[in-house]
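Okay, structure first, notes after.
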Amino acid sequence: MCFSAEASFGASVILGTVGVITVRQVQTKSQLPFAIIPFIFSFQQFTEGVLWMTFHNNNLAFLQPIATYTFLIFAQIVWPTWVPLSIILLEKDVRRKKILYVILGLGILCSVYITYSFLFYNVHSEISNHHIQYTFDYPHTAHFLWLTGLFYFIPTVVSTFISSVKRMQILGIIILLSCLITRTLMQQHFISVWCFFAALISVIVLFIIFRLQKSTDELDTLTPLSSTFQR
């Protein structure tokens, strides 16, 4: 499957629509950070769509570094912190929440390190085999980069398995499978391709919010009965 500006813009429109529907289902402020995940992915995919256009239109070439860094800021800096934080706000189980706070700490460390790397080292993007390939001039060993990848993976994927929220594990399983498949088949284009699939997968966020709403409605329905028995 070839990816293109059209694919990125199309995904952006779909996710933006899903984002509107999801946010309209939110009942508490604690649900909002998780609910706007499709919105963030929508903007991220729009940014990569612009990046695609800069490779084919010399008049837009000046936007290439801006689009590159904007996409990567969301892909590598925002998600390791945003995902566990949004899940923590939904979590009711105290023990699970403590574990998620530790994972959030790893995510923050990852985000800070990548921010440092972006500030002091160069990042490049180019089209390679119908995909966008991002290269980083970080002067670090492969072992250190592997550790950074682990600190990224745990907050963005493992945190979904810690959560007690129903269907959150489904989100985690699908993201994990897409990660493994992309890493195996498209390692050179991993960042771009996995983010594309993760963006589409974020549609599941809508169903999780629906479930939370249903649980709240069921609780509200039961409350009068409880009051009756107390009387």
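The shown structure was predicted, so the numbers you read here are calculated from the model rather than taken from an experiment.
Within 6.0 Å of the CZ atom in Phe161, the count of heavy atoms belonging to other residues, nucleotides or ligands exceeds 12.
Between Ile132 and Phe55, the closest side-chain pair of non-hydrogen atoms falls below 4.5 Å. With contacts defined as side-chain heavy-atom distances shorter than 4.5 Å, the pair Trp82/Ile37 qualifies. Taking the side chain as every heavy atom from C-beta outward, Phe9 and Met53 approach each other to under 4.5 Å. Using a 4.5 Å cut-off on side-chain heavy atoms (C-beta onward), Ile88 and Lys97 make contact. With a 4.5 Å cut-off on side-chain heavy atoms, Thr28 and Gln31 count as touching. The side-chain heavy atoms of Val203 and Pro38, taken from C-beta on, include no pair separated by under 4.5 Å. Annotation: side chain of Leu176 is in contact with side chain of Phe153 (closest heavy-atom distance under 4.5 Å). Looking at heavy atoms from C-beta onward, Val123 lies out of side-chain contact with Asp137 at the 4.5 angstrom threshold.
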Q: Could you go through the side chain to side chain contact (heavy atoms under 4.5 Å, CB included) check for Ile87 and Val165 one step at a time?
A: CA-CA 9 Å; Ile87 294 176; Val165 176; 5.9 Å; no
(Q) Trp79 vs Phe41, test: ring-ring contact (aromatic ring centres under 6.0 Å, His included). Steps then yes/no. (A) CA-CA 10 Å; Trp79 293 125; Phe41 268 124; 4.4 Å; yes
Q. So Thr160 and Gln169, side chain to side chain contact (heavy atoms under 4.5 Å, CB included) or not? Walk me through it.
A. CA-CA 6 Å; Thr160 60; Gln169 288 74 25; over 6 Å; no
Q) So Ser4 and Glu6, side chain to side chain donor-acceptor pair (under 3.5 Å) or not? Walk me through it. A) CA-CA 5 Å; Ser4 61; Glu6 290 78 11; 3.2 Å; yes
Q: Begin with the C-alpha distance, continue with both residues' side-chain angles, and end with the deciding distance and a verdict on side chain to side chain contact (heavy atoms under 4.5 Å, CB included) for Ser159 and Ile154.
A: CA-CA 6 Å; Ser159 59; Ile154 292 175; over 6 Å; no
Q: Dump the intermediate steps for ring-ring contact (aromatic ring centres under 6.0 Å, His included) on Phe71 and Tyr134, then the final yes or no.
A: CA-CA 10 Å; Phe71 175 83; Tyr134 299 93; 5.3 Å; yes
Q: Go through Ile170 and Arg167 one step at a time and tell me if the side chain to side chain contact (heavy atoms under 4.5 Å, CB included) criterion holds.
A: CA-CA 5 Å; Ile170 297 176; Arg167 298 184 181 176; 4.2 Å; yes
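Note on Tyr69: it does not cluster hydrophobically with Val50, by side-chain heavy-atom contacts below 4.5 Å among ILVMFWY residues. Residues Leu150 and Leu180 share a hydrophobic cluster, clusters being chains of Ile/Leu/Val/Met/Phe/Trp/Tyr side chains in contact below 4.5 Å. Residues Val112 and Leu119 share a hydrophobic cluster, clusters being chains of Ile/Leu/Val/Met/Phe/Trp/Tyr side chains in contact below 4.5 Å.
Closest approach of Ile21 to Gln25, counting heavy atoms only: O-CG, 3.2 Å. When all heavy atoms are compared, the tightest approach of Ala75 to Gln44 is N-OE1, 3.8 Å. Among all heavy-atom pairs drawn from Ala11 and Gln45, the shortest one is CB-CG, 4.3 Å. When all heavy atoms are compared, the tightest approach of Pro84 to Pro155 is CD-O, 3.6 Å. Taking each heavy atom of Arg96 and Ser163 in turn, the nearest pair found is NH1-O, 3.6 Å. Considering all non-hydrogen atoms of both residues, Ser30 and Leu90 come closest at O-CD2, 3.7 Å.
Ring planes of Phe136 and Phe118: parallel class, angle under 30° (limits at 30 and 60°). In this structure, His56 and Trp52 have parallel ring planes: the angle between them is below the 30° cut-off, well short of the 60° mark.
With hydrogens and angles left out, the side-chain atoms of Glu91 and Ser164 include a donor and acceptor closer than 3.5 Å. A donor-acceptor pair shorter than 3.5 Å cannot be found between the side chains of Thr47 and Thr70.
The distance from atom CD1 of Ile209 to atom CZ of Phe34, rounded to the nearest 0.5 Å, is 6.0 Å. Note that CD1 of Ile173 is 13.0 Å distant from CE of Met168, once rounded to the nearest 0.5 Å. Interatomic distance, Thr22 OG1 to Leu206 CG, rounded to the nearest 0.5 Å: 4.0 Å. For the atom pair Ile204 CD1 and Ile174 CD1, the distance stands at 3.5 Å (nearest 0.5 Å). Distance CD1/Ile108 to OG1/Thr115: 11.5 Å, rounded to 0.5 Å. Summarising the geometry, atom OG belonging to Ser12 is positioned 6.5 Å from atom CZ belonging to Phe46; distances are rounded to the nearest 0.5 Å.
Taking the ring centroids of Tyr116 and Phe120, they lie under the 6.0 Å cut-off.
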